[in-house]
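Notes to accompany the following structure.
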Amino acid sequence: MSDVRFGTEAAGGFGGAGDLGGADGPARAVDAIEAILARPRDEVLAQCRRYVVGQEDVLREVVGLTYSCLQRMEMRARGVDDLDLPRACAFMLSGSTASGKSFVMKVVAKVMGLELVSIDCSGITGAGWVGDSVSSELRRVAGVMEKDDGRPVLAFWDEADKLVRKTREGGRSFDSQGNFLKLLDGGTLELAPEAQGQREVTLDAGRVLNVFAGAFMGIEGIVRKRLLSGGLELAGAGSVAPGLLTTDQLRARMNLQDLVSWGFMPEFVGRFGAVVCVPALTCANLRQIVKGSERSLERRVSNLLGAGRAFRISDAAADAIAREAHESGLGARRIDQVANHFEAEATVRLHADDSVNVATLDVDADGGLCLAFGFDEDVAEGADGALGAGDAAGTAGAGEKDNPVAGDVAVEAGASRFEPNERLIAAVDGAMAGARWADAAATAEGRELLARRLAHYQRWRVRDARSVDAAELLLEAVSGYLAVNRDPDMRQTLGYVCALLRFADIGMRDGWTYLDTLFFGRVEVCGLRGLEERASFDPAYCSCDVVRALSCYRRYLAFPDAVRREAVGLAQARATDAATSAREAAWLRADVNGVADAVDKEAPAGMTLMF
């Protein structure tokens, strides 16, 4: 193995470039992993189900394996010897093309807050060959670790079946499986430079969760042969002969021995913890992806069209698209291919013609798909309810009773309640002049500490103690939203945080608030079209900061309505008081500067971030 060298592991498993250097490295890793594991598995599964259709068993098994691997990483970061722990973290996903293997892992990584690095194994070659080597791909993983805050990295090795390359004579030509062995052992890898200007990089493989995935076309024949040779009786509704099992049933019985028969090295396969079968999507599953699920094609296209317009799919059209996708063998990918033409036509017509606001995809007399356009008063009224002008009722309800000035600062007379309030922004930012807000809010840790300082406002009289926790989550979510927002008008200042917070108490149709539209993309208004919707198709937004902001906001939404209403006022109380009181402004500036000092990279070693 010429391109990856196995190095001596530092005490506790950390040390060197690409690791969490310094004495606080293991502590940061423990804190990061503990934060991920703190979320109940059922909560993670429930959130994953919002995106993934028809793979309940796969989700449950993958999330369980991921939690198990993270627990191992946590114990290792605490200093437990590798020899006293299970083997390094890796498992294999096996499923036919378009069964959703990569999508499942992207969703799990996104929901759990893991940094995902996707790697296509079909282009991997040896060192010195044309193409990418295992070492060059691992340098990408190390690069992500260097920028991270201690969280593990999920390396997703797609098209893993392409690692086995056979000659015409049936033998194996070059394959790179041997270059994975040290990675899967979980030690420290020294990655030698491969090009001029590169430096040697040290990768702590113990903080990498490796997931391999492949279609393994034809492996069901290997499984059937093994079952027949073993004379196995398979339980079910009576005994089922292996020769009568379907492809998915055979794949479900696939094990590590079958991977060796397929062509993998026993040493490589022996380092996997499990093989997870991902069954092909059924026609009913595909129908849900077209229409009937939270992330259906129908709803996604409607989101794209924006407020006051809708895209609908008739039941007949949904059935036709699902059948086409199922018969093509391309799964959910075929759904988007079929719909692209109609989506483009609907977008052009609905934006150009004010006389129509609804496009309906239906089936014509010949059985083909066609578009029909019309006008729906309910859709138009929904847009008016979301975007209408008017005065807001003040800064977040309950907050005004204890702070009468807050209402005057928060809303300008005659201003649209759906526009950023420049008077509020100017008042708060003026009070904060001289405070290092930008420095303090530049990192996720800083935003968390700022949220804690702002929410724990001593002058606020709360009726429900949970409102403090809810306010903290809301503040962190909104400041995180601004941190990843690419709109130059949405600056990361405390004034802008307050300007967005007031939208959390402005009601819309069906119980939604204006702030919900910013986070979840139900209506296209100012700022991002919706952080979650953008992250679903733009990799630039699929970052840990985005996931963290969404996670905080979801946890905030889990509180009762009365608690959320009180939390909105509490989240704004300190900033609006500072806008009218020099003493409060001085205290707030001191707190913000204290957070900035604590998260400053030049801060003295050992400085605690806890307040």
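To the nearest 0.5 angstrom, Leu227 atom CG is 7.5 Å from Arg253 atom CZ. Note that the CD1 atom of Ile313 and the CG atom of Leu371 stand 10.0 Å from one another [nearest 0.5 Å]. The structure places CZ of Arg295 at 13.0 Å from CD1 of Ile289, a figure rounded to the nearest 0.5 Å. The CG atom of Leu259 sits 13.5 Å away from atom CE of Met265, with the distance rounded to the nearest 0.5 Å. Interatomic distance, CG of Leu250 versus CD1 of Ile222, reported as 11.5 Å (0.5 Å rounding). Remark: Glu159 CD to Ile119 CD1 distance equals 13.0 Å, nearest 0.5 Å.
No more than 12 heavy atoms of other residues, nucleotides or ligands sit less than 6.0 Å from atom CZ of Arg333. Heavy atoms from other residues, nucleotides or ligands lying under 6.0 Å from NZ of Lys291 number more than 12. By the neighbour-count criterion of 12 heavy atoms within 6.0 Å, atom CG of Asp364 is densely surrounded, having more than that number from other residues, nucleotides or ligands.
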* To do: Starting from the C-alpha separation in whole Å, work towards a yes-or-no answer on side chain to side chain contact (heavy atoms under 4.5 Å, CB included) for Val111 and Val63.
  => CA-CA 10 Å; Val111 171; Val63 170; over 6 Å; no
* To do: Could you walk me through whether Tyr556 and Glu476 pass side chain to side chain contact (heavy atoms under 4.5 Å, CB included), step by step?
  => CA-CA 10 Å; Tyr556 158 77; Glu476 188 177 352; over 6 Å; no
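No option in Phe91, Phe264, Phe272 other than Phe272 meets the ring pair (Phe, Tyr, Trp, His ring centres under 6.0 Å) test with Phe212.
When every heavy atom of Val208 is checked against every heavy atom of Met145, the shortest pair comes out as CG2-CE, 3.2 Å. Heavy atoms only, all atoms of each residue included: Cys370 and Val363 are closest at SG-C, 4.2 Å. Nearest heavy atoms, Val201 versus Ala142: CG1-CB, 3.4 Å. For the pair Gly214 and Asp161, the tightest heavy-atom approach, listed with the atom from each and the gap, is CA-OD1, 3.7 Å. Residues Gly480 and Ala549 approach most closely at C-CB, 4.0 Å, considering heavy atoms. Closest non-hydrogen pair, Ala98 versus Gly331, comes out as CB-N, 3.6 Å.
For Asp362 and Arg312, the salt-bridge test fails: no basic side-chain N is under 4.0 Å from an acidic carboxylate O. Checked for salt-bridge contact, Arg60 and Glu56 meet the test: a charged N lies under 4.0 Å from a carboxylate O. For the pair Glu43 and Arg554, the salt-bridge criterion is not met [side-chain N within less than 4.0 Å of a carboxylate O].
No side-chain donor-acceptor contact under 3.5 Å links Ser68 to the backbone of Gly64. Judged by distance alone, with hydrogens and angles left aside, the side-chain atoms of Asp376 form no donor-acceptor pair with the main-chain N or O of Asn357 at under 3.5 Å. Ser96 places no side-chain N or O within donor-acceptor distance of the main-chain N or O of Ser99, the cut-off being under 3.5 Å. The main-chain N or O of Val153 is never found under 3.5 Å from a side-chain atom of Arg207 such that the two would form a donor-acceptor pair. Remark: side-chain polar atoms of Asn255 are paired, donor with acceptor, to backbone N or O of Gln257 under 3.5 angstrom. No donor-acceptor pair under 3.5 Å is formed between the side chain of Glu137 and the backbone N or O of Cys121. Judged purely by atom type and a 3.5 angstrom limit, Arg271 has no side-chain atom pairing as donor or acceptor with the backbone of Leu184. For the pair Arg72 (side chain) and Gly206 (backbone), a donor-acceptor distance under 3.5 Å is absent. A distance-only check finds a donor-acceptor pair linking the side chain of Ser296 to the backbone of Ser293 [under 3.5 Å].
Side chains of Leu209 and Pro152 form no contact here, defined as non-hydrogen atoms less than 4.5 Å apart. For the pair Met112/Tyr67, a side-chain contact is recorded, criterion being any heavy-atom separation below 4.5 Å from C-beta on. By the 4.5 Å heavy-atom criterion applied to side chains, Leu515 and Leu474 are counted as neighbours. Counting heavy atoms from C-beta outward, Gln47 and Arg39 have side chains that approach closer than 4.5 Å. The side-chain heavy atoms of Arg251 and Cys277, taken from C-beta on, include a pair separated by under 4.5 Å. Side-chain atoms of Ser551 and Arg555, non-hydrogen and from C-beta on, do get closer than 4.5 Å to each other. Between Val58 and Pro279, the closest side-chain pair of non-hydrogen atoms falls below 4.5 Å. Looking only at side-chain heavy atoms (C-beta outward), Lys110 and Leu116 stay at 4.5 Å or farther from each other.
Defined by atom type and a distance below 3.5 Å, a donor-acceptor pair is present between the side-chain atoms of Thr282 and Asn285.
With sequence neighbours excluded, no residue satisfies salt bridge (charged side-chain N to carboxylate O under 4.0 Å, His left out) with Glu61.
The aromatic rings of Phe216 and Trp262 sit perpendicular to each other, their planes meeting at more than 60°, with 30° as the lower class boundary.
Geometric assessment of Arg349 against the ring of Phe373 yields a positive cation-pi assignment under the 6.0 Å and 45° thresholds.
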Scan the side chains in residues 317-326 for donor-acceptor partners under 3.5 Å anywhere in the protein, sequence neighbours excluded, and list what turns up.
from   : atom 1 : to     : atom 2 : distance (Å)
Asp319 : OD1    : Arg287 : NE     : 3.0
Glu324 : OE2    : Arg334 : NE     : 2.9
Glu324 : OE2    : Arg334 : NH2    : 3.0

Donor-acceptor contacts under 3.5 Å from residues 338-347 side chains, at least two apart:
from   : atom 1 : to     : atom 2 : distance (Å)
Asn340 : ND2    : Asp336 : O      : 3.2
Thr347 : OG1    : Glu343 : O      : 2.8

